[in-house]
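Computed from heavy atoms alone, side chains included, the values below leave out hydrogens, waters and symmetry copies.
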Amino acid sequence: INAEYMGSVLLDYYRKKDLMDSKRSAVASKQAEYDSLELEHIVGYTGKYSNTIHYLPTNPNFYIYNIGGLVVIEDVQDKHNQKFLRGHDMHVCALAISSSSRLIASGQLGTAFARVPEAPIILWDLRSMSVLNTFKGLKGRVCLISFSPDEKFLAATGDNNTFVIWNCEDYCVVFNRVYEAPITVVHWGLMRKDLKHPSYTLITANANNLFVNSLEFDLATMQYNLKAAACQLPSSGLIRTYTCSYLDPTTNNIFVGTSGGELAIFNITNRIFKAILPVSSNGVLSVTGNGENIFIGAGDGRVRKLRGAETKWAIEAEIILEGKVSSLSLGGDKMIAGTSAGKIYQIQAQTLTATEISESHIDSINDIHFRKDRLDIFTTIDNSGIVRVWDLNEFFILTRCTSGTTTRPRGICVCIGEDNTIVSGWEDGSIRAFDITNKKFSALKWEISNGHKGPVTALYVDENVILSGGADGIVRVWARKAHTLICLLYTSDAADDLLCVDLGGRRIIKKK
């Protein structure tokens with residue numbers, strides 16, 4: 001082989017390598033710029049998962065909840081005061097906080113980025129906002145998480161019917177078993193602290209049965225073992241699907257919600273069934289209490305307050321919220337509730353008066369737009385056909401808008417004019433406008449029906465014209481005040497994703 005030729009090949013190779021390295025370095029530098037951006041605030045709540053809102057036990061001015069793959073710690077009094085825990089690659093679907101507020105556990109859906117849909121649980125130190133450990137072993141989805149009273153153990157269940165208990169001090173597995181039926185309730189009971197190695201009570205429910213488990217230290221094997229004992233049911237049988245639970249520590253009675261809208265009462269000490277109370281329709285999804293009162297959240301949107309003792313309880317008050325009440329947490333004289341409609345409410349426990357503290361979209365957001373001259377107001381539009389106008393000063397919604405039609409079309413695009421008019425494009429080909437008002441829902445101001453053959457996919461608005469692009473591949477120019485068609489500017493086979501005007505060059509910029 002010619003040595004001179006080989007030398008030229010190697011020289012060419014290293015020149016190309018240096019060029020590629022310099023390009024990589026430039027990309028890395030640009031990426032570092034992007035990575036330096038900090039998340040300032042986030043608005044939303046993933047309310048379709050149960051028990052995902054909790055007051056901090058030691059400071060009820062703060063609460064934790066989930067948004068997508070984030071865990072958010074927020075000040076109830078100051079919405080600007082938020083902290084974020086980031087470490088999940090899928091939606092967070094289970095949350096728990098320890099009694100001292102020192103530890104948080106968050107579980108996610110099974111990852112879509114690996115062959116096996118592993119659903120890890122991250123253990124966080126709230127003081128340092130850092131990850132202590134990642135527990136693995138569950139698949140498909142983390143369904144339930146619960147800390148022991150002394151936060152030494154963490155119990156969790158997964159979609160694959162696996163039940164695992166981990167030690168939160170050395171992170172080892174204490175118990176691991178796959179059941180034939182899914183476990184739908186996990187609740188730690190009282191513990192004995194007078195022993196060298198404390199013993200624990202753990203209540204679980206699966207396949208119509210409630211079990212009182214004891215977690216005790218075995219000196220022979222020098223490890224903790226779990227022993228299960230089923231509760232005695234009535235002779236006529238009790239076929240129920242249990243959904244949630246609240247334990248009264250003074251009586252050692254556990255109140256278990258059912259999918260049929262009832263509260264089943266069991267005594268843990270004697271392991272016997274005591275009573276069943278019909279309390280709601282469409283299932284009991286969440287329950288909490290303070291001894292004197294029990295509060296239940298139902299699938300029909302009702303939060304009910306029950307007062308009584310032992311097996312005799314009566315409904316004292318109720319309030320109706322928007323969406324299924326998937327989460328309830330009690331903090332002193334207040335409760336915080338999360339619903340499937342993406343809303344978070346603070347409720348006075350005494351009177352059951354509710355204040356909405358957060359609202360969010362529950363469907364895909366298709367467009368977002370700021371007013372040109374104001375950065376504190378923006379608007380969004382989503383797949384469910386709702387336009388929302390947001391105020392960034394206090395992170396609340398000024399007003400909402402809908403198409404007003406019987407069958408609500410998908411919302412595709414939206415923008416705000418200089419006169420505070422919201423102009424929106426819809427799947428049915430119409431362009432609809434609304435005023436920003438202080439009403440919960442703003443009425444339709446004007447409409448261009450069937451402006452396009454197919455969805456309106458892009459909009460631009462100024463004081464003179466409205467530009468609209470559609471899935472039909474046509475850009476139309478409309479008179480701003482008369483809403484009449486001026487001309488067709490462009491025709492193609494592709495939908496328009498973005499339209500804007502170069503005011504200096506008097507050109508239309510169109511992105512496909």
Side-chain angles (χ1 to χ4, degrees), residues 359-361 363-392 396-490 495-501 503 508-511:
E359 178 182 346
S360 61
H361 291 276
D363 213 332
S364 301
I365 299 172
N366 292 327
D367 198 12
I368 183 168
H369 191 268
F370 279 87
R371 243 186 71 167
K372 292 177 183 177
D373 57 341
R374 291 187 63 176
L375 297 180
D376 60 340
I377 291 179
F378 70 96
T379 182
T380 54
I381 191 167
D382 69 11
N383 255 352
S384 66
I386 298 179
V387 178
R388 287 178 170 89
V389 183
W390 305 78
D391 185 335
L392 280 181
F396 72 93
I397 294 174
L398 294 171
T399 190
R400 305 154 193 81
C401 316
T402 63
S403 63
T405 56
T406 306
T407 56
R408 188 187 296 169
R410 283 195 315 131
I412 306 297
C413 52
V414 68
C415 54
I416 306 178
E418 77 293 339
D419 59 349
N420 263 1
T421 299
I422 302 166
V423 183
S424 55
W426 300 78
E427 187 181 34
D428 61 1
S430 297
I431 300 170
R432 297 179 174 92
F434 310 85
D435 275 330
I436 298 177
T437 67
N438 58 1
K439 298 178 181 178
K440 184 174 182 179
F441 283 90
S442 294
L444 183 67
K445 184 178 183 181
W446 54 259
E447 177 180 11
I448 301 174
S449 298
N450 303 315
H452 285 264
K453 293 179 180 178
V456 180
T457 56
L459 281 172
Y460 168 83
V461 177
D462 64 21
E463 63 274 13
N464 298 314
V465 296
I466 299 170
L467 302 180
S468 63
D472 54 7
I474 298 174
V475 178
R476 288 174 165 84
V477 182
W478 309 86
R480 178 72 169 84
K481 293 183 179 179
H483 318 133
T484 55
L485 183 65
I486 298 174
C487 63
L488 306 181
L489 283 181
Y490 190 83
D496 305 315
D497 294 330
L498 176 67
L499 287 173
C500 57
V501 174
L503 298 178
I508 293 176
I509 301 169
K510 173 176 176 292
K511 175 183 174 292

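In this structure, the side chain of R480 engages the main chain of D462 through a donor-acceptor pair within 3.5 Å. Within the 3.5 Å criterion, the main-chain N or O of V414 finds a donor-acceptor partner in the side chain of D367. No donor-acceptor pair under 3.5 Å is formed between the side chain of S442 and the backbone N or O of C401. Between the side chain of R476 and the main chain of G451, a donor-acceptor pair closer than 3.5 Å is present. When atom types are taken as modelled, the side chain of N366 and the backbone of G411 share a donor-acceptor pair closer than 3.5 angstrom. Judged by distance alone, with hydrogens and angles left aside, the side-chain atoms of S403 form no donor-acceptor pair with the main-chain N or O of R408 at under 3.5 Å. Listed for the D472 side chain is a donor-acceptor partner under 3.5 Å among the backbone atoms of K453. For H452 (side chain) and N450 (main-chain N/O), no donor-acceptor pair under 3.5 Å exists by modelled atom type.
No side-chain N or O of T437 forms a donor-acceptor pair with one of D435 less than 3.5 Å apart.
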Would R400 and F441 count as a side chain to side chain contact (heavy atoms under 4.5 Å, CB included) here? Give the steps. CA-CA 5 Å; R400 305 154 193 81; F441 283 90; 3.7 Å; yes
Please walk me through it: do T380 and D382 pass side chain to side chain contact (heavy atoms under 4.5 Å, CB included)? CA-CA 7 Å; T380 54; D382 69 11; over 6 Å; no
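Heavy atoms from other residues, nucleotides or ligands lying under 6.0 Å from NZ of K445 number more than 12.
Residue A433 comes nearest to L444 through the heavy atom pair O-CD1, 3.5 Å, listed as atom of the first residue, atom of the second, then distance. Among all heavy-atom pairs drawn from A443 and F434, the shortest one is O-CD2, 3.5 Å. In terms of heavy atoms, L392 sits closest to L375 at CD1-O, 3.4 Å. Nearest approach of D428 to P409, heavy atoms of both residues: OD2-CG, 3.7 Å. Residue C415 comes nearest to V461 through the heavy atom pair SG-CG2, 3.3 Å, listed as atom of the first residue, atom of the second, then distance. Among all heavy-atom pairs drawn from D363 and S384, the shortest one is OD2-N, 3.7 Å.
Distance check: L398 CG to N438 CG gives 9.0 Å after rounding to the nearest 0.5 Å. The line from CD1 of I412 to CH2 of W426 is 9.5 Å long, rounded to the nearest 0.5 Å. A distance of 8.5 Å separates CZ of R371 from CG of D376, quoted to the nearest 0.5 Å. Atom OG of S468 and atom CH2 of W478 lie 5.5 Å apart (nearest 0.5 Å). The CZ atom of F378 lies 11.0 Å from the CZ atom of R388; values are rounded to the nearest 0.5 Å. Atom CD1 of I422 and atom CD1 of I436 lie 4.5 Å apart (nearest 0.5 Å).
Looking at T379 and V387, their side chains come closer than 4.5 Å, going by heavy atoms from C-beta outward.
Ring planes of W390 and H361: tilted class, angle from 30 to 60°.
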